[in-house]
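Working notes, beginning with the structure itself.
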Amino acid sequence: MHILIIPSWYPYKENPLMGIFFREQALALSEAGQQVGVVAPIQKSIKELKGFSDLVCGGSYWENDGGVMTLREESWAIPKFHQLRISPWLSTGMRLMDEYIATRGRPDIIHVHSMLYAGVLAAKIKQKYHIPYVITEHSSAYAYKLICKWQLPYIQIASQEASWRLAVSKQFVKLLESLFPISGAWHYLPNMVDTEFFSNAPITDTPISKLRFVFFTAAFLTSNKSFNLLIEAFAKTFLGKDVELWIGGDGEERDRLQMQATQAGIASQIRFLGQLDRNQMRSSMQQCDAFVLPSLYETFGVVLIEALASGKPVIATKCGGPESIVNENNGFLVNPADPAALGEAMRKMVESIDQFDKAWILEDCIARFGRQAVTGELDKIYRQILK
């Protein structure tokens with residue numbers, strides 16, 4: 001079977017973690033014996049420009065990425081001007097599709113990640129080449145009501161023309177069906193996570209002295225992640241105790257969060273680790289005792305799966321994605337925006353950490369979110385469509 005992946009965003013040199021799970025899914029499908037390609041129009045933020053010499057992009061280029069033939073083209077875009085970005089993105093995508101078919105042949109099926117705008121491109125490709133496509137939706141913009149009126153016709157086209165519609169959590173399925181009832185049914189299939197990367201590697205970097213108990217969290221430091229409430233809960237529960245909180249990531253909230261920790265008298269118990277690469281992320285997961293994610297909304301929660309793949313129990317909020325991940329055997333769920341409940345869950349985690357079976361947590365994680373589990377489900381979906 002020849003499968004083409006079209007992502008709405010994808011890793012590139014300056015941002016290697018952007019859409020990393022799309023790439024990992026493509027690699028996993030290839031390793032499962034499928035012929036897999038990727039067409040990736042990439043619009044980089046003009047904020048990343050380092051000089052005028054970078055303004056000129058080199059056009060399309062091929063890359064053999066672990067056996068996945070990937071056709072990319074990078075261009076510059078002005079942030080937030082989304083209405084001006086869609087037409088160039090679609091034009092580039094269609095041109096890349098023509099080149100892909102001329103070089104690699106016509107794929108049997110297309111799998112797109114997110115309706116805006118890979119789904120729109122797939123609908124145009126279907127009209128021209130009559131290739132069916134599957135959508136997996138990931139964007140939290142629907143929950144935050146950030147979809148603009150001018151985007152709705154594009155979304156309707158993308159969803160209605162799809163042969164199969166997937167969302168990465170059960171709560172997200174319900175939300176999309178309520179927003180777009182005439183598009184057809186949505187189905188749950190989680191993101192695939194490279195569980196082996198987190199479960200099989202030895203600890204490498206250990207620059208931080210470990211106290212008796214360490215909580216770890218990691219994300220972009222934005223208001224949606226509610227790290228201010230996490231720090232509040234931590235301060236009220238563990239002030240002066242032999243417990244640490246490590247915060248991985250960077251972003252607009254970092255200075256304010258560091259000031260909050262100082263004012264709460266717990267600066268010595270909180271470590272701001274900054275932006276972490278994949279190896280540093282894995283090392284921090286291995287060194288912590290439990291992972292915590294206090295978000296206001298998550299469509300999925302990849303970091304939760306990475307923690308479970310490291311054998312660590314988790315604490316998360318009932319905010320969409322985590323409800324499909326966390327259960328009584330691998331952690332605790334609390335209501336979002338409730339620091340008292342969050343602090344109580346963290347206290348309970350410290351006291352009951354020995355009751356969690358790390359081996360069971362890992363096995364359950366692999367069974368639900370590992371490569372074999374997700375690629376197996378995708379293979380069934382693809383074959384059903386092609387019948």
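Numbers for residues simply follow the sequence, beginning at 1. As the structure is a computational prediction, the values presented were derived from the model and not from experiment.
The six-membered or imidazole ring of W246 lies away from that of F291, with a centre-to-centre distance of 6.0 Å or more. A distance of 6.0 Å or more separates the ring centres of Y12 and Y10. Two rings, from Y142 and Y297, have their centers 6.0 Å or more apart. Checked against the 6.0 Å centroid threshold, H113 and F21 do not count as a close aromatic pair.
Here the closest heavy-atom approach between residue S295 and residue T317 is recorded as O-OG1, 2.6 Å. Across all their heavy atoms, A167 and F172 have their closest contact at CB-CD2, 3.9 Å.
Counted within 6.0 Å of CD on Q160, heavy atoms from surrounding residues, nucleotides or ligands total more than 12; the atom is thus considered enclosed. No more than 12 heavy atoms of other residues, nucleotides or ligands sit less than 6.0 Å from atom CE of M259. By the neighbour-count criterion of 12 heavy atoms within 6.0 Å, atom CD of E328 is sparsely surrounded, having that number or fewer from other residues, nucleotides or ligands. By the neighbour-count criterion of 12 heavy atoms within 6.0 Å, atom CZ of F220 is sparsely surrounded, having that number or fewer from other residues, nucleotides or ligands. Heavy atoms of other residues, nucleotides or ligands lying less than 6.0 angstrom from CD of Q275 number more than 12.
Between the side chains of S114 and E137, at least one donor N or O sits under 3.5 Å from an acceptor N or O. Under the 3.5 Å distance criterion, with hydrogens and angles disregarded, no donor-acceptor pair is assigned to the side chains of S283 and Q286. No hydrogens or angles considered: nothing links the side chains of N191 and Q25 as a donor-acceptor pair under 3.5 Å. In this model, no donor atom of one side chain and acceptor atom of the other lie less than 3.5 Å apart for E298 and S140.
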Checking salt bridge (Lys or Arg N to Asp or Glu O under 4.0 Å) for the pair K174/E177: CA distance, chi angles, key distance, verdict?
CA-CA 5 Å; K174 294 179 181 178; E177 287 185 335; over 6 Å; no
Determine, stepwise, if the pair R72 / E63 fulfils salt bridge (Lys or Arg N to Asp or Glu O under 4.0 Å).
CA-CA 8 Å; R72 304 169 180 260; E63 175 189 12; 3.0 Å; yes
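Here K44 pairs with E14 in a salt bridge; the nearest charged N to carboxylate O distance falls below 4.0 Å. Looking at E351 and R347, a side-chain N of the basic residue comes within less than 4.0 Å of a carboxylate O on the acidic one, giving a salt bridge. A salt bridge links E232 and K236; the closest N-O separation between the charged side-chain nitrogens and carboxylate oxygens is under 4.0 Å. The residues R278 and E24 are annotated as salt-bridged, a charged nitrogen and a carboxylate oxygen being separated by less than 4.0 angstrom. The pair E253-R256 meets the salt-bridge criterion, with a side-chain N (NZ, NE, NH1 or NH2) lying under 4.0 Å from an Asp/Glu carboxylate O.
Residues meeting the salt bridge (charged side-chain N to carboxylate O under 4.0 Å, His left out) test with D98, sequence neighbours left out: K128. The ring-ring contact (aromatic ring centres under 6.0 Å, His included) check on Y117 picks up nothing, with sequence neighbours excluded. Looking at residues two or more places apart in sequence or on another chain, you find no ring-ring contact (aromatic ring centres under 6.0 Å, His included) involving F300. Considering only residues two or more places apart in sequence or on other chains, E161 meets the salt bridge (charged side-chain N to carboxylate O under 4.0 Å, His left out) condition with K126. Applying the salt bridge (charged side-chain N to carboxylate O under 4.0 Å, His left out) criterion to D194, with sequence neighbours excluded, gives R371.
Here the side chain of D364 pairs no donor or acceptor atom with the backbone of I361 at under 3.5 angstrom. Formation of a donor-acceptor pair under 3.5 Å by the D108 side chain with backbone atoms of H2 is found in this model. At distances below 3.5 Å, at least one donor-acceptor pair connects side-chain atoms of Q269 with backbone N or O atoms of F238. Looking at S8, its side chain does come within 3.5 Å of a backbone N or O of A118 through a donor-acceptor pair.
A ring pair (Phe, Tyr, Trp, His ring centres under 6.0 Å) check over residues 359-387, counting only residues at least two apart or in different chains, returns the pairs H111-Y382.
Using a 4.5 Å cut-off on side-chain heavy atoms (C-beta onward), R368 and S324 make no contact.
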